[in-house]
Amino acid sequence: VQLQASGGGLVQAGGSLRLSCAASGRAVSPYAWAWFRRAPGKEREFVAAIWGTSDAVFGDSVKGRFTISRDNAKKTVYLQMNSLKPEDTAVYYCFARNARWVDNARWASTQPKLYNYWGQGTLVTVSS
């Protein structure tokens with residue numbers, strides 16, 4: 001399975017962007033998706049995850065501003081980012097997993113090592 005993220009770019013603070021990540025090489029859409037980001041000089045950070053029908057969880061720094069959705073027919077996940085801040089500047093990576101979560105899905109979905117696939121990332125730059 002290959003993941004291709006797109007939609008990044010330069011936006012002013014307060015603006016919006018929508019990232020997309022499409023999966024190819026598999027007939028069925030992944031069970032779970034997630035977005036992580038890495039800002040310059042910082043550790044990788046969990047952003048959002050979605051699994052099953054529409055269960056979702058968000059990182060504290062993006063709650064209330066970002067939403068995540070999926071289109072199984074297109075094997076694509078979306079990250080709608082609103083009210084962007086300069087501190088949202090980062091490379092955003094999408095991750096995907098085929099199998100269902102065994103236990104504690106809300107915690108498991110935030111762990112990058114529990115995903116099977118990840119993409120190359122798309123750069124989001126928010127200017128002040």
So which residues get pulled into Tyr78's cluster when ILVMFWY side chains under 4.5 Å apart are joined, directly or through others? none
Contact list for residues 49-84, test disulfide (SG to SG under 2.5 Å), sequence neighbours left out: none
Please, which pairs that meet disulfide (SG to SG under 2.5 Å) have at least one residue in residues 24-71, sequence neighbours excluded? none
Any Tyr93 side-chain heavy atom under 4.5 Å of Thr122 side chain: no
Taking disulfide (SG to SG under 2.5 Å) as the cut-off, I'd like each qualifying pair that reaches into residues 31-78, sequence neighbours left out, listed once. none
Can you list the residues that meet the ring pair (Phe, Tyr, Trp, His ring centres under 6.0 Å) rule with Phe46, with sequence neighbours excluded? Phe36
Take Trp101 and Leu114, measure what side chain to side chain contact (heavy atoms under 4.5 Å, CB included) needs, and give me the verdict at the end. CA-CA 9 Å; Trp101 299 119; Leu114 297 182; 3.7 Å; yes
Give a yes or no on whether Gln120 atom CD has more than 12 heavy-atom contacts from other residues, nucleotides or ligands under 6.0 Å away. no
Can you tell me if Trp118 has over 12 outside heavy atoms packed within less than 6.0 Å of its CH2? no
Tell me which pairs pass salt bridge (Lys or Arg N to Asp or Glu O under 4.0 Å) where either residue lies in residues 91-117, with sequence neighbours left out. none
Could you work out the complete set of other residues in the hydrophobic cluster of Ile68, with links drawn between I, L, V, M, F, W and Y side chains under 4.5 Å apart? Val1, Leu3, Val11, Leu17, Leu19, Trp33, Trp35, Val47, Ile50, Phe58, Val62, Phe66, Val77, Leu79, Met81, Leu84, Tyr92, Tyr117, Val124, Val126
Who passes side chain to side chain donor-acceptor pair (under 3.5 Å) against Asn104, sequence neighbours left out? none
Checking the side chain of Thr110 only, and the main-chain atoms of Ala108 only, is there a donor and an acceptor separated by less than 3.5 Å? no
What pairs meet the side-chain hydrogen bond (donor to acceptor under 3.5 Å, both in side chains) rule with one or both residues in residues 4-21, with sequence neighbours excluded? Ser16-Asn82
Tell me the side-chain hydrogen bond (donor to acceptor under 3.5 Å, both in side chains) pairs involving residues 49-73, sequence neighbours left out? Ser29-Asn72, Arg37-Ser61, Glu45-Ser61, Asp60-Lys63, Arg65-Asp88, Arg70-Asn72
Which residues pass the ring pair (Phe, Tyr, Trp, His ring centres under 6.0 Å) test with Trp107, not counting sequence neighbours? none
Between Asn116 and Ala99, what is the shortest heavy-atom contact and its length? OD1-N, 4.5 Å
Disulfide (SG to SG under 2.5 Å) contacts touching residues 8-117 (sequence neighbours left out): Cys21-Cys94
Where Ala49 and Tyr115 come nearest, the two heavy atoms and their spacing: CB-OH, 3.8 Å
Which heavy-atom pair separates Ala13 from Pro86 by the least distance, and what is that distance? CB-CD, 4.1 Å
Can you tell me if Lys75 uses its side chain to pair, donor with acceptor, with the backbone of Arg26 under 3.5 Å? yes
